[in-house]
Chemist: 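Here it is, the structure in full.
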Amino acid sequence: MSDQTFYSGLQQKLDTLRSDGLFKPERVLASRQGAEVVAQDGRTLINMCANNYLGLSGEPETEQAAAAALEKYGYGLSSVRFICGTQTVHKELEAALSAFLGTEDTILYAAAFDANGGVFEPLFDENDAIISDALNHASIIDGVRLCKAARYRYANNDMADLEKQLIAATEAGKRHKIIVTDGVFSMDGTIAQLDKIVALAEQYGALTMIDECHASGFMGATGRGTHEHCGVIGKIDIITGTLGKALGGAMGGFTSGKKEVIETLRQKSRPYLFSNTLAPMIAGASLAVLERISKSTELRDRLMDNTAYFRAEIERLGFTIKPGTHPVVPVMLFDAPIAQQFAARMFELGVLLSGFFYPVVPMGQARVRVQLSAAHTREQLDIVLKAFEQAGRELGIIKQQ
Ligand SMILES: *Cc1c(COP(=O)(O)O)cnc(C)c1O
């Protein structure tokens, strides 16, 4: 406690974040997660900013499955997996994820952040090349940093640039090449062109990896993910994903792929070897979620109906959105202060959503991001659309009638 300049330096940086409008305050909820949440001041808000795509967070069936696993397997293991932290429920969940994703084997992590952080270093070294989309998630970027492989970056979703980088890595004589992309990019709802990526990978002898955090459970006709959506099930080498978004919403992550890959990760992946096992109640609830969504596509169908309805209606009101089909709907406001004012006004009108501006998104691309859920009723979406209309008129974003 003798170095006061350390603390004053931190305070200065925090003050700068605040004055630059980049400080992230935490919204405090006084309720469970859901289509409606209760704010700390007791107001009920319609929630349009959770990754609760299938509506399973805070939902009784998920909780009952968690409670049953809690009862049967206890609260926790106080161990990493390989010492005494593996229960039947963990093995069952790994098998269920493999079956769901169409892979050979799966390894669980405490978070997808850990899955991405621990996937590259055990599998690749300085002889290899990682070819990564420029907008990939922070956890992929950190994972790549921990690995000695050569790094190649291609412009977001740009297949010509990807091919250029594949050629560069080939000419550099790299032994193994792996193309890495988010299946869906969370800021824009952009879906990676996996059919083209797989074709390029085949042409240049590269491996492929996708991060399915914004896709597992609902993308594709039966919700298996972006690889199903793009018709390339069985053609992706490595799939990472989270249990903390659509698949229940508590926490936890996974890496899935060929058995040699998963076995190697179990032996060498540091966030797996040196971190506690996933709580059994989360494993049990995730297993129940997978069983439920493997039996029926009802939830993902409702999510996609809600998405199509909202996308059509918000455009009809005169707002500009990033085109697409994903339940992430960026409503473009372009100007950062307007985006902030808009989100604040929507909050007053009882709608929770988040504004994004530079440097999180490119300069001049400020927006509010709406995320649809299967849990939203048509009635709730109509209330949200009315609020958009009102705030949009007040702030001069859409025309007065
Ligand atoms: C949310 C997210 C993660 C992190 O997932 P956690 O399980 O919360 O650690 C990783 N990658 C992408 C693309 C994400 O959206």
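Order of appearance sets the numbers: ligands from 1, and atoms from 1 within every ligand.
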Chemist: Under 30°, 30 to 60°, or over 60°: which ring-plane class applies to F218 and Y53, parallel, tilted or perpendicular?
Modeler: tilted
Chemist: Do any heavy atoms of S139 fall under 4.0 Å from ligand 1?
Modeler: yes
Chemist: Between atom CD1 of I233 and atom OG1 of T226, what is the distance when rounded to the nearest 0.5 Å?
Modeler: 10.5 Å
Chemist: Identify which of M187, E212, K245 has a heavy atom lying nearest to atom 15 (O) of ligand 1.
Modeler: K245
Chemist: Between D105 and S256, what is the shortest heavy-atom contact and its length?
Modeler: O-OG, 3.2 Å
Chemist: May I ask you to identify, for H214, whether its side chain, its backbone, both or neither come under 4.0 Å of ligand 1 on a heavy-atom basis?
Modeler: side chain
Chemist: Can R367 be said to sit on top of F334's aromatic six-ring, NZ or CZ under 6.0 Å from centre and within 45° of the ring axis?
Modeler: no
Chemist: For ligand 1, find out whether one of its N or O atoms is nearer than 3.5 Å to an N or O atom of F113.
Modeler: yes
Chemist: Compute the shortest N/O to N/O distance between S186 and ligand 1 and return yes if it is under 3.5 Å, no if not.
Modeler: no
Chemist: Please round to the nearest 0.5 Å and tell me the distance separating atom CG of L101 and atom OG1 of T240.
Modeler: 10.5 Å
Chemist: Could R43 and F347 be counted as a cation-pi pair, given that NZ or CZ must be under 6.0 Å from the ring centre and within 45° of the axis?
Modeler: yes
Chemist: Ignoring hydrogens and angles, state whether a donor on the side chain of Y109 or S275 is under 3.5 Å from an acceptor on the partner side chain.
Modeler: no
Chemist: Which is closest to atom 13 (C) of ligand 1 in terms of heavy atoms, D211, L243, T242?
Modeler: D211
Chemist: Could you list which atoms of ligand 1 come closer than 4.0 Å to a heavy atom of G252?
Modeler: 7 (O)
Chemist: With nothing but distance in play, are any N or O atoms of A112 less than 3.5 Å from an N or O of ligand 1?
Modeler: yes
Chemist: Within a distance under 4.0 Å of any heavy atom of D182, pick out the atoms of ligand 1 and give their elements.
Modeler: 13 (C)
